[in-house]
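Every value quoted in this text rests on a predicted model; they were computed, and no experiment measured them.
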Amino acid sequence: MVSGVAASMDGAAGFASADPGFDVLPVEALLAPHEALLGRIKLCYGADRATFERDLMPLARSYAAFVHLLPATPDNYFKTPGGLLRLGLETAFFALQGTDAHIFSSKATISARRELEPRWRTATFVGGLCCEVHRVLSHLIVTTPEGDEWPSFLMPLCDWLQQHRALRYFIRWRPRASEVRGLGLYALPMIVPPTLLEALRHDDGAIVRQLFASVGGVPQYREHNVLDDLVRRSLALVIDRNLLASADRYGSPQYGSHLERYLVDAMRRLAASHSAWTVNRDKGRLWFGEDGLFLVWPAAAQDMLAMLEADQLAGIPKAPDTLLDILLDAGVLLAQADGSRTWKVFPSDAPLEAVKLSAPAILLAGIEPAPVALARPVQRHERELVAQVPAPPPKPWREATKRPESPPASSPQLSLIEVDDADAAVQEEVSGPSTHAAALPEGPVDARPIRLRAPMRLNPAVRQSLHEAIDALNDPPATTPVFTVREGVFVPLTEFERRSIQPAVAVRSLNDVGMLHKPSQAGPPTLSRDVQGVPAVGVVILAAHVEGLDPEAFISESGTTTPGA
């Protein structure tokens with residue numbers, strides 16, 4: 001039936017491979033070796049022969065016509081002729097089987113769920129069937145003996161072979177091909193008829209939306225994609241089973257090469273939803289500076305393993321070092337020039353061990369608002385940067401030892417300014433101890449910076465978000481929507497939301513520790529204020545919880561002006 005697999009990795013697109021190639025077979029002959037698996041799919045679908053032939057068999061035939069006898073990989077899982085067909089059918093079977101343990105459209109009525117369940121099951125079968133079809137469009141070149149190349153974006157492989165009346169065809173693997181799962185969406189219309197997609201579209205289109213997101217590898221952060229969960233779990237199980245079988249028959253396969261997608265997906269989900277993965281947050285995992293994006297390791301690996309364990313994916317290694325090897329081999333992470341796999345970063349005084357992303361967009365693309373990098377390299381401490389500022393050139397020894405002239409009698413005497421102990425310590429640390437009285441500045445002295453002073457029992461995520469919002473008061477007024485009012489500091493709820501904190505959680509946490517001004521005892525602690533010409537809902541932080549403000553200049557909690565205001 002099959003003579004061999006092309007192994008050539010180079011040559012022009014129009015040059016036919018030298019191996020014997022693949023025999024051209026009809027669709028029924030392609031599906032014949034998988035008759036037992038198709039029987040298991042029918043039993044899992046729970047319908048009679050006529051319904052199964054009407055609903056699922058056309059999809060299996062269309063998929064077989066598109067992928068024919070193509071392998072899934074050149075030298076890894078499902079590498080034999082017909083491997084991609086087998087991979088799709090097995091994943092579709094296990095994904096369909098997994099629908100029995102899930103309730104789709106849980107908010108719908110029982111009668112509505114009864115109508116939607118068959119659609120969800122069919123869509124899940126399609127998602128499993130087409131989960132790896134993108135490989136056909138990105139990794140393979142198919143040619144006839146005459147050298148004609150298959151236009152894979154235009155028609156199924158079986159149809160193209162029939163048009164050319166070919167009896168044999170050849171394949172070549174593209175060198176250094178990248179995995180682009182979004183290409184699967186171009187092949188989907190050649191496998192799934194438009195009438196079925198129209199039948200799956202119902203109400204808000206959640207079924208088709210989750211199906212396309214799963215096939216295209218598009219993460220959905222605002223909607224739980226149950227369909228994609230089933231497909232990803234089934235695909236990991238199928239690949240793991242095939243690798244174990246290949247180890248017994250063909251030697252050692254390449255373990256771990258298929259796990260990159262799951263690891264990157266876990267990192268993206270954590271960056272979008274986990275509070276500890278907020279960029280440049282104190283004691284967080286992600287640090288973004290002028291020199292790139294760094295991930296604290298192995299703490300980040302433990303978060304990833306916990307998420308993947310919750311996903312119940314098969315074949316995921318448990319050691320952080322193994323995850324690091326996989327991500328380095330895939331080019332997701334970068335090693336140092338000397339071969340070291342980790343980097344030292346200085347988000348604070350103590351250095352941390354971290355790994356470096358090859359591109360910040362791997363994790364930060366799609367996060368709104370876009371994270372802003374620190375105005376310094378993460379690998380260099382701030383003190384180290386201060387130390388690198390060139391010192392003024394030394395004066396000649398005669399000029400340095402010359403006594404300063406006395407000021408004219410008419411010169412006004414400068415007033416003394418009390419220096420805070422903490423400020424003096426910082427000045428001594430940066431500039432060195434002074435052996436004489438420091439010269440007083442000629443201009444006005446900067447006011448103390450405005451900082452948050454919150455109780456220790458405040459939610460840490462809310463504390464960090466509010467700290468960043470309050471700190472913006474030190475910037476020019478036009479750059480921040482946070483401002484002072486009679487009762488304290490007004491903070492719009494959007495300031496919490498854009499930092500991935502639910503406004504309801506922030507309001508409840510702040511109210512529990514008594515930091516909010518309440519317009520009325522019976523009403524909610526929120527109020528509306530005009531922010532740059534637009535009404536905005538927010539909360540007022542009492543002035544007593546903000547350093548750098550004069551509490552006597554604000555209205556007290558009882559609503560009367562404090563003395564000295």
Side-chain angles (χ1 to χ4, degrees), residues 72-79 83 87 91 131-132 134-135 138-139 173 175-181 217 219 228-229 231-247 250-272 274 277 285-286 292-343 345 352-365:
T73 62
D75 53 5
N76 204 347
Y77 54 90
F78 290 94
K79 60 185 178 182
L87 173 62
T91 307
C131 63
E132 292 291 276
H134 61 89
R135 293 182 168 274
S138 60
H139 286 61
W173 296 96
R176 299 176 298 279
S178 300
E179 181 175 291
V180 184
R181 294 180 60 194
D228 186 57
D229 288 346
V231 170
R232 291 191 312 116
R233 191 179 308 165
S234 302
L235 179 61
L237 173 64
V238 168
I239 293 177
D240 189 58
R241 284 158 49 100
N242 182 261
L243 288 174
L244 293 175
S246 300
Y250 304 110
S252 299
Q254 298 178 5
Y255 286 101
S257 61
H258 68 290
L259 300 176
E260 170 202 348
R261 74 184 69 179
Y262 300 111
L263 301 180
V264 173
D265 178 71
M267 290 193 295
R268 287 174 175 170
R269 286 189 288 162
L270 287 167
H274 200 293
W277 286 57
R285 305 284 192 262
L286 282 173
L293 180 64
F294 295 84
L295 188 59
V296 177
W297 200 268
Q302 300 298 338
D303 295 339
M304 295 163 57
L305 289 171
M307 174 170 283
L308 294 173
E309 184 177 354
D311 291 343
Q312 299 179 0
L313 297 175
I316 301 296
K318 303 300 182 183
D321 285 344
T322 306
L323 302 187
L324 182 55
D325 290 337
I326 295 173
L327 294 173
L328 285 170
D329 292 341
V332 177
L333 302 180
L334 293 178
Q336 298 193 51
D338 60 0
S340 301
R341 304 189 303 168
T342 58
W343 308 66
V345 296
L352 296 177
E353 188 175 15
V355 294
K356 184 176 182 180
L357 278 296
S358 58
I362 294 176
L363 296 190
L364 305 185

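Residues L334 and W343 come closest through the heavy atom pair O-NE1, 3.1 Å. Heavy-atom minimum distance, F78 versus I239: CE1-CA, 4.4 Å. When every heavy atom of L363 is checked against every heavy atom of R268, the shortest pair comes out as CD2-N, 3.9 Å. Closest approach of A301 to P320, counting heavy atoms only: CB-CB, 3.7 Å. R341 approaches L328 most closely through the heavy-atom pair CD-CD1, 3.6 Å.
For the pair W277/D303, a side-chain contact is recorded, criterion being any heavy-atom separation below 4.5 Å from C-beta on. Side-chain atoms of H139 and T73, non-hydrogen and from C-beta on, never get closer than 4.5 Å to each other.
The local environment of CD in Q336 is crowded, with over 12 non-hydrogen atoms from other residues, nucleotides or ligands closer than 6.0 Å.
Atoms CD and CG, from E309 and L305 in turn, are 8.0 Å apart once rounded to the nearest 0.5 Å. Rounded to the nearest 0.5 angstrom, Q302 CD and W297 CH2 are separated by 9.0 Å. One distance of note links CG of L333 with OG1 of T342; it measures 11.0 Å at 0.5 Å rounding. Expressed to the nearest 0.5 Å, how far CG of L308 lies from CG of L263 amounts to 6.0 Å.
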Report task. Could you walk me through whether D75 and K79 pass the salt bridge (Lys or Arg N to Asp or Glu O under 4.0 Å) test, one step at a time? Result -> CA-CA 6 Å; D75 53 5; K79 60 185 178 182; over 6 Å; no

Requested in this report: Decide yes or no on salt bridge (Lys or Arg N to Asp or Glu O under 4.0 Å) for E132 and R181, but give the supporting numbers first.
Outcome: CA-CA 8 Å; E132 292 291 276; R181 294 180 60 194; 5.3 Å; no

Report task. Using the salt bridge (Lys or Arg N to Asp or Glu O under 4.0 Å) rule, take R269 and D265 through it: C-alpha gap first, then chi angles, then the decisive distance, then the call. Result -> CA-CA 6 Å; R269 286 189 288 162; D265 178 71; 3.1 Å; yes

